[in-house]
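Atoms considered below: every heavy atom in the structure, side chains included; atoms not considered: hydrogens, waters and symmetry mates.
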Amino acid sequence: MVMLEHPSITRTLRTGYPNPVDDGHEEFDLFGDLVTVNDEVFETEDGDIVLEVNMERYLSEQLGIERRQ
């Protein structure tokens, strides 16, 4: 059985804070693209951030999932 952990707990364990702290540094997604305040993002179980616009690329490159028609 896979035990899931709430993203806030994962983030707190990884960063020490339950919510991102604006310390003036820039954040980048898994593919190196800049994440801005208005971007829609996904967070993996490992804490990696993926921009919504990169989700298809993530599914393909990281998980081997391809779109079929």
- prompt: Looking only at atom types and distance, does a side-chain atom of Ser60 sit under 3.5 Å from a main-chain N or O of Glu56, one as donor and one as acceptor?
  reply: no
Partners meeting side-chain contact (heavy atoms from CB on, under 4.5 Å) with Asp39 (sequence neighbours left out): Val35, Thr36, Val41, Leu51
task: For the pair Glu43 and Asp48, evaluate side-chain contact (heavy atoms from CB on, under 4.5 Å) and give the outcome as yes or no after the intermediate values.
output: CA-CA 5 Å; Glu43 185 172 351; Asp48 293 323; over 6 Å; no
statement: Rounded to the nearest 0.5 angstrom, the CE-CD distance for Met55 and Glu40 is 11.5 Å
task: Using side-chain contact (heavy atoms from CB on, under 4.5 Å) as the criterion, point out the one residue from Asp33, Leu30, Leu59 that pairs with Asn54.
output: Asp33
task: Quick one: do Phe42 and Tyr58 satisfy side-chain contact (heavy atoms from CB on, under 4.5 Å)? Show the steps, please.
output: CA-CA 10 Å; Phe42 294 89; Tyr58 173 78; over 6 Å; no
query: When rounded to the nearest 0.5 angstrom, what distance separates CD1 in Ile49 from CZ in Phe31?
result: 12.5 Å
